[in-house]
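Below: one structure, written as structure tokens.
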Protein chains: 2
Amino acid sequence: MARWPGGTPERLQEAAIELFTERGYERTTVAEIATRAGLTERTFYNHFADKREVLFPGQDSFIAGVQDALGRAPTEQSPLEAVRAVFTAGSDWLDQRRNAAERRRHILDAHPDLREREWAKLAALAAAIADALRGRGVPEPAATLTAGVSVTAYHCAAARWLADPQHGTFGQHLHASFDELHRTARNW
Amino acid sequence: MARWPGGTPERLQEAAIELFTERGYERTTVAEIATRAGLTERTFYNHFADKREVLFPGQDSFIAGVQDALGRAPTEQSPLEAVRAVFTAGSDWLDQRRNAAERRRHILDAHPDLREREWAKLAALAAAIADALRGRGVPEPAATLTAGVSVTAYHCAAARWLADPQHGTFGQHLHASFDELHRTARNW
DNA sequence: GCAACTGATTACAGGTTCTGCAATCACTGT
DNA sequence: ACAGTGATTGCAGAACCTGTAATCAGTTGC
């Protein structure tokens, strides 16, 4: 018998999402989150760097995964093709979590501080991609630009995926975004 | 004779930059900034929404200006051309403030919280541009994508402008970024 | 069997950020 | 004179976050 029930960070995340949904992000204190999870405020900060981070579980490992996958992508792919393929490979994972993503999006949209953190995560993703591209021999500023453009397309696809009343798959929106990118690029 | 010496926000900004440079962002309290400016902590918060905002003066009006200029850009320009032209129009303004920009960059680079705010400002800029493009009749998702790509190029240009040991003008780096964008787009 | 170790949790104290509210006070217009 | 304006201030307090040390069930080494 374990001394402490497992899944502490998960319990904190669930409690946080419940409370944020019920009464909003600002009107919820960290102490309340911890209490609902059967823990104390101090324990919350043992698992999350700050109050916002509880809404971004696994983001850092996702970013690391993208960077890693890009490192082993076939060399004959162009940089943008490689990134696009890596994103596409992870699209099923997202589709299976649409409900959770929708609830999370609601909370994020309601508070600027949380969107700020989201942009920070996207910037970190772009930095990781740029790093991987440089590792593939892409020179600057092409690496940074390609990474930024890719993340823009990714983010745009994610937004439209969640806003889509027809509930199309993330993969469909991803391809639509990248295709639109090619189309508009032709008019430059 | 005015009751209070003028330029309160400017004095707070100068005091903040001095202190952040001397002992770092984290080791400087808002009370210390206010005291150095001959004011109180409460007055600081009358002028800035939070501690970080003191390093982003006039950003919101800059964003509004970009949006406004885009609204009156000639219709025969393609969306990306229009944005590029608006950015170029403001490049002299930046060149005249290179020193201040360098000091500010040093402070920003040293603390993640500040970079987070910077990304939030860039995201706000992208949103404003997307809005202006939609006003020009650009449909979604092209508007959002073009705006995102533009801001990526802008940000990349700004970074390289400040990192350039040859001290090239911002306009040169801006054009280099946009040209590189065209070049890489051809390999997609 | 027993002691030392481990590692998650907890208790506590305290600094900092940020907000709400009411008061001050020189200047302004009537 | 005299009320109005508006920037500043004082004060109280909630919430966020951190450092440090204590607790204690389970595990390991002997």
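Just so you know, these numbers use all the heavy atoms, side chains as well, and skip hydrogens, waters and symmetry mates. Lettering follows sequence order; numbering is per chain, from 1. The structure displayed is predicted, hence computed values, not measured ones.
- As judged by a 4.0 angstrom heavy-atom cut-off over every strand, Thr29(B) is placed among residues touching the sugar-phosphate backbone only.
- If you check every strand for non-hydrogen atoms under 4.0 Å, Asn46(A) touches a base.
- Within the 4.0 Å cut-off from OP1 or OP2 of dT18(D), not a single side-chain nitrogen or oxygen of Tyr45(A) is found.
- Using a 4.0 Å cut-off between charged nitrogen and carboxylate oxygen, Glu53(A) and Lys121(A) count as a salt-bridge pair.
- In this structure, the CZ atom of Phe44(A) is 17 Å from the P atom of dG19(D), given to the nearest Å.
- The distance between the ring centers of Phe170(A) and Tyr154(A) falls below 6.0 angstrom.
- At the heavy-atom level, Ala49(B) lies under 4.0 Å from the strands shown only through sugar-phosphate atoms.
- Here the nucleotide nearest the side chain of His47(B), chosen from dT10(C), dT17(C), dT8(D), is dT8(D).
- You'll find that the side chain of Arg42(A) is closest to dG19(D), out of dG19(D), dT8(D), dT9(C).
- Nucleotide dT16(C) holds its P atom 11 Å from the CZ atom of Arg23(B), rounded to whole Å.
- Residue Glu32(B) contributes atom CD, which lies 14 Å from atom P of dC18(C) at whole-angstrom precision.
- Classification of the Trp188(A)-His182(B) ring pair by plane angle, with boundaries at 30° and 60°, yields perpendicular.
- Atom CD1 of Ile33(A) and atom C1' of dA15(D) are 12 Å apart (whole Å).
- Computed from coordinates, the Arg27(A) CZ to dA15(D) P distance equals 9 Å when rounded to whole Å.
- When the C1' atom of dT16(C) is taken as reference, atom CZ of Phe20(B) falls 13 Å away, rounded to whole Å.
- Residue Thr43(A) places none of its side-chain N or O atoms closer than 4.0 Å to OP1 or OP2 of dA8(C).
- Salt-bridge check for Arg117(B) with Asp113(B): failed, with every basic side-chain N at 4.0 Å or more from each acidic carboxylate O.
- Summarising the geometry, the separation between CD on Glu10(A) and P on dA8(C) is reported as 14 Å, rounded to the nearest angstrom.
- Across the protein-nucleic acid pair, Asp50(B) atom CG and dA15(D) atom P stand 19 Å apart, rounded to whole Å.
- For the salt bridge (charged side-chain N to carboxylate O under 4.0 Å, His left out) with Glu102(A), the lone residue among Arg98(A), Arg105(A), Arg104(A) that qualifies is Arg98(A).
- Distances shown here put every side-chain N or O of Thr40(A) at or beyond 4.0 Å from the OP1 or OP2 atom of dA11(C).
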